[in-house]
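Reviewing the structure listed below.
Read the numbers this way: they start at 1 and go in the same order the structure lists the ligands and their atoms.
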Amino acid sequence: MLQSQLFTKTIKEDPKDETNVGTRLLIRAGFIEKVAAGIYAMLPLGFKVLANIENVIAGEMENLGAQRIQMTALIPKTNWEKTGRWKAFDVLYKVSGKGSEEYGLGATHEEEVTPLAQKHTLSYRDFPFAVYQIQTKFRDELRAKSGLLRTREFLMKDLYSFHVDAADCDKYYDRVKESYQSIFKTVGLAQTTFLTLASGGTVSKFSHEFQTLTEAGEDLIYHCGNCGLAINREIKQDFPKCPECGSEDFDEKKTVEVGNIFKLGTKYSDAFGFCAQGADGNRIPVLMNCYGIGLPRLMGTAAEVLHDDFGLIWPDSIAPYSIHLIGLASGNDSKSNVKESAQKLYRDLQNKGLTVLYDDREGLSAGEKFKDSDLIGIPNRLVVSKKTLEKNSVELKKRAAKEATLVGLDKILDYFKV
Ligand SMILES: [Zn+2]
(Lines give C-alpha, C1' and ligand atoms only; values in the text may rest on other atoms or scores of the structure.)
Protein backbone atom coordinates (compact mmCIF):
# COMPACT_ATOMS: atom_id res chain seq x y z
CA MET A 1 0.00 0.00 0.00
CA LEU A 2 1.31 3.39 -0.94
CA GLN A 3 0.92 5.74 1.99
CA SER A 4 0.33 8.63 -0.42
CA GLN A 5 -2.83 6.80 -1.51
CA LEU A 6 -4.12 6.00 1.99
CA PHE A 7 -7.17 8.24 2.37
CA THR A 8 -6.85 8.48 6.16
CA LYS A 9 -4.37 10.88 7.71
CA THR A 10 -2.82 10.87 11.14
CA ILE A 11 -4.15 13.42 13.63
CA LYS A 12 -1.88 15.43 15.92
CA GLU A 13 -4.43 16.37 18.57
CA ASP A 14 -5.76 13.88 21.07
CA PRO A 15 -9.54 13.48 20.74
CA LYS A 16 -11.04 15.19 23.77
CA ASP A 17 -13.95 12.84 24.37
CA GLU A 18 -11.97 9.61 24.75
CA THR A 19 -10.79 8.48 28.18
CA ASN A 20 -8.67 5.53 27.04
CA VAL A 21 -5.21 6.02 25.64
CA GLY A 22 -5.55 2.97 23.33
CA THR A 23 -8.70 4.30 21.69
CA ARG A 24 -7.16 7.78 21.41
CA LEU A 25 -4.12 6.35 19.61
CA LEU A 26 -6.33 4.29 17.28
CA ILE A 27 -8.26 7.43 16.31
CA ARG A 28 -5.14 9.58 15.91
CA ALA A 29 -3.37 6.96 13.80
CA GLY A 30 -6.41 6.58 11.53
CA PHE A 31 -7.53 3.06 12.49
CA ILE A 32 -11.04 3.90 13.67
CA GLU A 33 -13.60 6.69 13.55
CA LYS A 34 -16.06 7.49 16.31
CA VAL A 35 -19.53 7.83 14.79
CA ALA A 36 -21.41 8.30 18.08
CA ALA A 37 -20.95 7.29 21.72
CA GLY A 38 -20.08 3.59 21.75
CA ILE A 39 -20.22 3.32 17.93
CA TYR A 40 -17.02 3.12 15.88
CA ALA A 41 -16.31 2.62 12.18
CA MET A 42 -13.26 0.68 11.02
CA LEU A 43 -10.98 2.57 8.62
CA PRO A 44 -8.52 0.79 6.26
CA LEU A 45 -5.76 0.21 8.85
CA GLY A 46 -8.26 -0.79 11.56
CA PHE A 47 -10.11 -3.09 9.21
CA LYS A 48 -6.85 -4.93 8.48
CA VAL A 49 -6.20 -5.45 12.19
CA LEU A 50 -9.76 -6.67 12.67
CA ALA A 51 -9.42 -9.06 9.71
CA ASN A 52 -6.17 -10.43 11.20
CA ILE A 53 -7.85 -10.97 14.56
CA GLU A 54 -10.69 -12.69 12.73
CA ASN A 55 -8.19 -15.03 11.04
CA VAL A 56 -6.55 -15.93 14.34
CA ILE A 57 -9.90 -16.71 15.93
CA ALA A 58 -11.37 -18.53 12.93
CA GLY A 59 -8.24 -20.73 12.78
CA GLU A 60 -8.74 -21.76 16.40
CA MET A 61 -12.43 -22.42 15.81
CA GLU A 62 -11.61 -24.71 12.88
CA ASN A 63 -9.16 -26.58 15.14
CA LEU A 64 -12.03 -27.11 17.54
CA GLY A 65 -14.07 -28.63 14.72
CA ALA A 66 -16.65 -25.85 14.92
CA GLN A 67 -18.67 -25.13 11.77
CA ARG A 68 -18.99 -21.53 10.67
CA ILE A 69 -22.44 -20.11 10.06
CA GLN A 70 -23.90 -16.63 9.76
CA MET A 71 -27.05 -15.89 11.68
CA THR A 72 -29.23 -12.80 11.38
CA ALA A 73 -29.20 -9.45 13.15
CA LEU A 74 -33.02 -9.31 13.16
CA ILE A 75 -34.34 -12.00 15.51
CA PRO A 76 -38.15 -12.27 15.83
CA LYS A 77 -39.75 -11.19 19.09
CA THR A 78 -41.42 -14.62 19.44
CA ASN A 79 -37.97 -16.23 19.82
CA TRP A 80 -37.04 -13.84 22.63
CA GLU A 81 -40.39 -14.40 24.34
CA LYS A 82 -39.75 -18.14 24.53
CA THR A 83 -36.76 -17.52 26.80
CA GLY A 84 -38.28 -14.56 28.67
CA ARG A 85 -35.54 -12.25 27.44
CA TRP A 86 -37.80 -9.91 25.43
CA LYS A 87 -38.56 -8.32 28.81
CA ALA A 88 -35.58 -9.40 30.92
CA PHE A 89 -32.66 -8.46 28.65
CA ASP A 90 -32.04 -4.80 29.38
CA VAL A 91 -29.53 -4.13 26.57
CA LEU A 92 -31.77 -5.47 23.79
CA TYR A 93 -32.52 -3.04 20.94
CA LYS A 94 -36.11 -3.56 19.78
CA VAL A 95 -37.23 -2.63 16.28
CA SER A 96 -40.56 -2.78 14.45
CA GLY A 97 -41.29 -3.41 10.80
CA LYS A 98 -43.95 -1.65 8.74
CA GLY A 99 -46.52 -4.28 9.71
CA SER A 100 -47.02 -5.78 13.14
CA GLU A 101 -43.71 -7.63 13.22
CA GLU A 102 -41.18 -6.87 15.93
CA TYR A 103 -37.56 -7.93 16.29
CA GLY A 104 -34.76 -7.86 18.78
CA LEU A 105 -31.42 -6.90 17.24
CA GLY A 106 -29.02 -9.76 18.01
CA ALA A 107 -27.27 -8.97 21.29
CA THR A 108 -26.39 -12.66 21.56
CA HIS A 109 -27.77 -15.56 19.54
CA GLU A 110 -29.03 -18.37 21.80
CA GLU A 111 -32.57 -17.48 20.71
CA GLU A 112 -31.69 -18.16 17.08
CA VAL A 113 -29.10 -20.93 17.28
CA THR A 114 -31.16 -23.18 19.56
CA PRO A 115 -34.19 -23.64 17.24
CA LEU A 116 -31.78 -23.77 14.30
CA ALA A 117 -29.84 -26.68 15.83
CA GLN A 118 -33.07 -28.35 16.91
CA LYS A 119 -34.35 -28.50 13.34
CA HIS A 120 -31.36 -30.51 12.12
CA THR A 121 -30.59 -32.86 14.98
CA LEU A 122 -33.05 -35.49 16.06
CA SER A 123 -30.95 -38.43 17.21
CA TYR A 124 -28.31 -38.69 19.94
CA ARG A 125 -26.00 -39.80 17.11
CA ASP A 126 -26.02 -36.23 15.75
CA PHE A 127 -24.17 -34.99 18.85
CA PRO A 128 -21.82 -33.42 19.80
CA PHE A 129 -21.35 -30.53 17.41
CA ALA A 130 -20.48 -26.87 17.56
CA VAL A 131 -21.25 -23.87 15.37
CA TYR A 132 -19.80 -20.38 15.41
CA GLN A 133 -20.19 -17.07 13.67
CA ILE A 134 -18.34 -13.79 13.50
CA GLN A 135 -21.13 -11.27 13.27
CA THR A 136 -22.25 -7.84 14.44
CA LYS A 137 -23.90 -7.63 17.84
CA PHE A 138 -26.00 -4.74 19.15
CA ARG A 139 -26.24 -3.83 22.81
CA ASP A 140 -27.93 -0.75 24.20
CA GLU A 141 -25.26 -0.08 26.81
CA LEU A 142 -26.16 2.63 29.28
CA ARG A 143 -22.51 3.48 29.76
CA ALA A 144 -20.44 3.54 26.60
CA LYS A 145 -17.57 5.68 27.76
CA SER A 146 -14.65 3.30 27.45
CA GLY A 147 -13.87 3.73 23.77
CA LEU A 148 -13.49 0.43 21.93
CA LEU A 149 -13.65 -1.44 25.25
CA ARG A 150 -17.44 -1.09 25.53
CA THR A 151 -19.46 -0.38 22.43
CA ARG A 152 -23.10 -0.55 21.33
CA GLU A 153 -22.34 -2.25 18.02
CA PHE A 154 -19.44 -4.66 17.58
CA LEU A 155 -18.20 -7.69 15.72
CA MET A 156 -18.29 -10.77 17.94
CA LYS A 157 -17.23 -14.35 17.60
CA ASP A 158 -19.85 -16.50 19.29
CA LEU A 159 -19.46 -20.24 19.48
CA TYR A 160 -22.19 -22.62 20.68
CA SER A 161 -21.64 -26.29 21.43
CA PHE A 162 -24.32 -28.96 21.81
CA HIS A 163 -23.97 -32.19 23.78
CA VAL A 164 -26.03 -35.09 25.09
CA ASP A 165 -23.35 -36.28 27.50
CA ALA A 166 -22.26 -34.21 30.52
CA ALA A 167 -18.66 -35.48 30.50
CA ASP A 168 -18.34 -34.69 26.81
CA CYS A 169 -19.79 -31.23 27.45
CA ASP A 170 -17.18 -30.54 30.16
CA LYS A 171 -14.37 -31.86 27.98
CA TYR A 172 -15.26 -29.57 25.11
CA TYR A 173 -15.52 -26.62 27.49
CA ASP A 174 -11.94 -27.29 28.62
CA ARG A 175 -10.75 -27.55 25.04
CA VAL A 176 -12.24 -24.13 24.27
CA LYS A 177 -10.57 -22.75 27.39
CA GLU A 178 -7.19 -23.82 25.98
CA SER A 179 -8.09 -22.49 22.57
CA TYR A 180 -8.90 -19.08 24.06
CA GLN A 181 -5.56 -19.01 25.87
CA SER A 182 -3.89 -19.71 22.55
CA ILE A 183 -5.79 -16.81 20.91
CA PHE A 184 -4.73 -14.33 23.61
CA LYS A 185 -1.16 -15.55 23.34
CA THR A 186 -1.13 -15.09 19.57
CA VAL A 187 -2.39 -11.50 19.78
CA GLY A 188 0.29 -10.58 22.33
CA LEU A 189 -1.82 -10.56 25.49
CA ALA A 190 -0.66 -13.79 27.20
CA GLN A 191 1.34 -11.99 29.89
CA THR A 192 -1.50 -9.68 30.90
CA THR A 193 -4.55 -11.92 30.53
CA PHE A 194 -5.84 -14.05 33.42
CA LEU A 195 -8.30 -16.90 33.39
CA THR A 196 -10.81 -15.70 35.97
CA LEU A 197 -13.54 -17.48 37.90
CA ALA A 198 -16.95 -15.86 37.49
CA SER A 199 -20.41 -16.85 38.63
CA GLY A 200 -21.84 -19.82 36.79
CA GLY A 201 -25.53 -19.04 37.03
CA THR A 202 -27.84 -21.95 37.83
CA VAL A 203 -26.00 -24.59 35.86
CA SER A 204 -22.47 -24.87 37.14
CA LYS A 205 -20.58 -23.41 40.05
CA PHE A 206 -18.37 -21.21 37.88
CA SER A 207 -18.08 -19.77 34.44
CA HIS A 208 -14.77 -18.39 33.20
CA GLU A 209 -13.75 -14.99 31.99
CA PHE A 210 -10.50 -13.93 30.39
CA GLN A 211 -9.51 -10.65 31.98
CA THR A 212 -6.69 -8.43 30.73
CA LEU A 213 -4.89 -6.06 33.06
CA THR A 214 -5.32 -2.42 32.11
CA GLU A 215 -6.01 0.79 34.00
CA ALA A 216 -8.70 1.52 31.39
CA GLY A 217 -10.66 -1.58 32.43
CA GLU A 218 -14.11 -1.35 33.98
CA ASP A 219 -13.77 -4.68 35.82
CA LEU A 220 -11.89 -5.68 38.94
CA ILE A 221 -10.28 -9.03 39.56
CA TYR A 222 -8.72 -10.48 42.68
CA HIS A 223 -5.51 -12.26 41.85
CA CYS A 224 -4.15 -14.87 44.27
CA GLY A 225 -0.52 -14.01 45.00
CA ASN A 226 0.18 -17.62 45.92
CA CYS A 227 -1.26 -19.77 43.12
CA GLY A 228 -2.16 -17.21 40.44
CA LEU A 229 -5.90 -17.94 40.34
CA ALA A 230 -8.08 -14.91 39.59
CA ILE A 231 -11.65 -14.31 40.77
CA ASN A 232 -13.96 -11.60 39.47
CA ARG A 233 -15.62 -8.95 41.61
CA GLU A 234 -19.11 -10.50 41.50
CA ILE A 235 -18.08 -13.72 43.25
CA LYS A 236 -15.18 -12.48 45.40
CA GLN A 237 -17.57 -11.98 48.38
CA ASP A 238 -18.11 -15.76 48.45
CA PHE A 239 -14.39 -16.42 48.75
CA PRO A 240 -12.51 -14.78 51.61
CA LYS A 241 -9.87 -17.44 50.89
CA CYS A 242 -8.58 -18.66 47.54
CA PRO A 243 -10.74 -21.68 46.52
CA GLU A 244 -7.66 -23.23 44.92
CA CYS A 245 -4.96 -22.91 47.59
CA GLY A 246 -6.59 -21.31 50.65
CA SER A 247 -4.38 -18.21 50.60
CA GLU A 248 -5.84 -14.87 51.68
CA ASP A 249 -3.21 -12.93 49.77
CA PHE A 250 -5.22 -11.27 46.97
CA ASP A 251 -4.22 -8.34 44.76
CA GLU A 252 -7.01 -6.17 43.40
CA LYS A 253 -6.42 -5.30 39.74
CA LYS A 254 -8.32 -3.32 37.11
CA THR A 255 -9.11 -5.35 34.01
CA VAL A 256 -11.16 -5.59 30.87
CA GLU A 257 -12.99 -8.80 29.99
CA VAL A 258 -11.74 -10.00 26.60
CA GLY A 259 -13.55 -13.32 26.50
CA ASN A 260 -15.96 -15.51 28.37
CA ILE A 261 -17.05 -19.12 28.33
CA PHE A 262 -20.24 -20.33 29.91
CA LYS A 263 -22.06 -23.59 30.56
CA LEU A 264 -25.71 -23.02 29.73
CA GLY A 265 -26.96 -26.50 30.70
CA THR A 266 -30.49 -27.00 29.37
CA LYS A 267 -31.66 -23.42 29.92
CA TYR A 268 -32.19 -22.67 26.22
CA SER A 269 -32.90 -26.18 25.01
CA ASP A 270 -35.69 -26.40 27.63
CA ALA A 271 -37.15 -23.09 26.46
CA PHE A 272 -37.44 -24.44 22.91
CA GLY A 273 -38.27 -28.04 23.87
CA PHE A 274 -35.02 -29.21 22.27
CA CYS A 275 -34.31 -32.88 23.08
CA ALA A 276 -32.51 -35.68 21.29
CA GLN A 277 -33.88 -39.15 20.83
CA GLY A 278 -31.77 -41.71 22.71
CA ALA A 279 -30.88 -45.26 21.63
CA ASP A 280 -33.78 -46.57 23.74
CA GLY A 281 -36.22 -44.10 22.19
CA ASN A 282 -36.35 -41.88 25.27
CA ARG A 283 -35.85 -38.13 25.05
CA ILE A 284 -32.44 -36.88 26.22
CA PRO A 285 -32.02 -33.24 27.27
CA VAL A 286 -29.54 -31.28 25.14
CA LEU A 287 -26.72 -29.48 26.99
CA MET A 288 -25.34 -26.25 25.57
CA ASN A 289 -22.23 -24.12 26.17
CA CYS A 290 -21.56 -20.69 24.74
CA TYR A 291 -18.24 -18.93 24.22
CA GLY A 292 -17.73 -15.29 23.19
CA ILE A 293 -14.97 -12.91 22.12
CA GLY A 294 -15.60 -9.33 20.98
CA LEU A 295 -13.19 -8.50 18.16
CA PRO A 296 -13.04 -4.68 18.38
CA ARG A 297 -12.69 -4.95 22.14
CA LEU A 298 -9.73 -7.28 21.66
CA MET A 299 -8.25 -4.75 19.22
CA GLY A 300 -8.88 -1.92 21.69
CA THR A 301 -7.34 -3.96 24.51
CA ALA A 302 -4.24 -4.73 22.43
CA ALA A 303 -3.91 -0.98 21.73
CA GLU A 304 -4.38 -0.24 25.42
CA VAL A 305 -1.71 -2.71 26.54
CA LEU A 306 0.74 -2.55 23.63
CA HIS A 307 1.81 1.06 23.14
CA ASP A 308 4.35 3.62 24.34
CA ASP A 309 4.39 7.42 24.52
CA PHE A 310 4.80 7.67 20.75
CA GLY A 311 2.12 5.33 19.52
CA LEU A 312 0.88 1.79 18.98
CA ILE A 313 3.12 -1.30 19.01
CA TRP A 314 1.35 -4.08 17.09
CA PRO A 315 2.47 -7.69 17.40
CA ASP A 316 3.26 -9.34 14.04
CA SER A 317 0.15 -11.53 14.24
CA ILE A 318 -2.39 -8.71 13.95
CA ALA A 319 -0.40 -5.71 12.64
CA PRO A 320 -2.02 -3.99 9.64
CA TYR A 321 1.25 -4.48 7.70
CA SER A 322 4.48 -6.32 8.55
CA ILE A 323 6.78 -3.62 7.27
CA HIS A 324 6.64 0.16 7.17
CA LEU A 325 9.03 1.15 4.39
CA ILE A 326 10.07 4.78 4.41
CA GLY A 327 11.77 6.47 1.52
CA LEU A 328 13.65 9.64 2.40
CA ALA A 329 14.24 11.11 -1.03
CA SER A 330 14.71 14.84 -1.03
CA GLY A 331 14.11 17.09 -4.02
CA ASN A 332 17.75 18.02 -4.52
CA ASP A 333 19.30 14.57 -4.57
CA SER A 334 18.09 13.64 -8.01
CA LYS A 335 21.45 12.07 -8.63
CA SER A 336 21.02 9.62 -5.79
CA ASN A 337 18.59 6.82 -6.46
CA VAL A 338 16.70 6.79 -3.15
CA LYS A 339 13.30 6.74 -4.79
CA GLU A 340 14.18 4.01 -7.26
CA SER A 341 15.80 1.87 -4.57
CA ALA A 342 12.86 2.24 -2.23
CA GLN A 343 10.42 1.37 -5.00
CA LYS A 344 12.44 -1.69 -5.96
CA LEU A 345 12.58 -2.83 -2.35
CA TYR A 346 8.82 -2.28 -2.03
CA ARG A 347 8.19 -4.53 -5.03
CA ASP A 348 10.67 -7.18 -3.89
CA LEU A 349 9.19 -7.37 -0.38
CA GLN A 350 5.69 -7.67 -1.80
CA ASN A 351 6.77 -10.30 -4.29
CA LYS A 352 8.06 -12.30 -1.37
CA GLY A 353 4.55 -12.21 0.08
CA LEU A 354 5.20 -9.63 2.78
CA THR A 355 2.69 -6.88 3.54
CA VAL A 356 4.20 -3.41 3.23
CA LEU A 357 3.02 0.12 3.84
CA TYR A 358 5.36 2.28 1.76
CA ASP A 359 5.66 5.90 2.82
CA ASP A 360 6.25 7.42 -0.61
CA ARG A 361 4.84 10.81 0.38
CA GLU A 362 6.78 13.79 -0.85
CA GLY A 363 7.40 17.07 0.91
CA LEU A 364 7.52 15.61 4.42
CA SER A 365 10.57 15.68 6.67
CA ALA A 366 12.19 12.53 8.04
CA GLY A 367 10.96 13.55 11.48
CA GLU A 368 7.35 13.81 10.33
CA LYS A 369 7.50 10.42 8.64
CA PHE A 370 9.09 8.75 11.69
CA LYS A 371 6.47 10.29 13.96
CA ASP A 372 3.65 8.87 11.85
CA SER A 373 5.42 5.53 11.71
CA ASP A 374 5.71 5.35 15.50
CA LEU A 375 2.07 6.33 15.88
CA ILE A 376 0.80 3.67 13.45
CA GLY A 377 3.00 1.05 15.11
CA ILE A 378 3.88 -1.41 12.33
CA PRO A 379 6.37 -3.95 13.80
CA ASN A 380 9.28 -3.37 11.37
CA ARG A 381 10.44 -0.01 10.01
CA LEU A 382 12.77 0.08 7.02
CA VAL A 383 14.34 3.36 5.95
CA VAL A 384 15.99 3.94 2.60
CA SER A 385 17.96 7.20 2.39
CA LYS A 386 21.01 8.65 0.68
CA LYS A 387 23.01 7.77 3.78
CA THR A 388 21.94 4.12 3.90
CA LEU A 389 22.52 3.68 0.18
CA GLU A 390 26.09 4.90 0.51
CA LYS A 391 26.59 1.74 2.55
CA ASN A 392 24.45 -0.40 0.23
CA SER A 393 22.12 -0.82 3.17
CA VAL A 394 18.71 -0.17 4.55
CA GLU A 395 18.03 0.85 8.14
CA LEU A 396 15.92 -1.61 10.12
CA LYS A 397 14.22 -0.68 13.37
CA LYS A 398 11.80 -2.84 15.27
CA ARG A 399 8.92 -0.73 16.59
CA ALA A 400 9.40 -2.18 20.09
CA ALA A 401 13.20 -1.68 20.05
CA LYS A 402 15.18 1.47 20.81
CA GLU A 403 18.06 0.98 18.39
CA ALA A 404 18.15 0.73 14.63
CA THR A 405 20.60 -1.41 12.65
CA LEU A 406 21.88 -1.31 9.10
CA VAL A 407 21.19 -4.39 7.00
CA GLY A 408 22.74 -4.93 3.57
CA LEU A 409 20.35 -4.51 0.65
CA ASP A 410 21.36 -8.00 -0.49
CA LYS A 411 20.41 -9.49 2.91
CA ILE A 412 17.20 -7.71 3.81
CA LEU A 413 14.85 -10.00 1.86
CA ASP A 414 16.21 -13.05 3.66
CA TYR A 415 15.80 -11.31 6.99
CA PHE A 416 11.99 -11.48 6.82
CA LYS A 417 10.14 -14.75 6.97
CA VAL A 418 6.73 -14.98 5.35
ZN1 LIG B 1 -4.56 -19.38 45.36
Please confirm whether Y160 and F162 have ring centers closer than 6.0 angstrom. no
Going by the rule side chain to side chain contact (heavy atoms under 4.5 Å, CB included), which residues pair with D168 if we only count those two or more places apart in sequence or in a different chain? P128, H163, D165
Can you name the nearest heavy-atom pair linking K48 to P320, along with the distance? CD-O, 3.4 Å
Among residues two or more places apart or on two chains, list those pairs meeting salt bridge (Lys or Arg N to Asp or Glu O under 4.0 Å) that have a residue in residues 95-115. K77-E102, R85-E110, R85-E111
Just the protein N/O/S atoms under 2.8 Å from the Zn ion (ligand 1), please, no waters. C224 SG, C227 SG, C242 SG, C245 SG
Backbone N or O of R361 within a donor-acceptor pair of the K369 side chain at under 3.5 Å? yes
Excluding sequence neighbours, so at least two apart, what forms ring-ring contact (aromatic ring centres under 6.0 Å, His included) with Y132? none
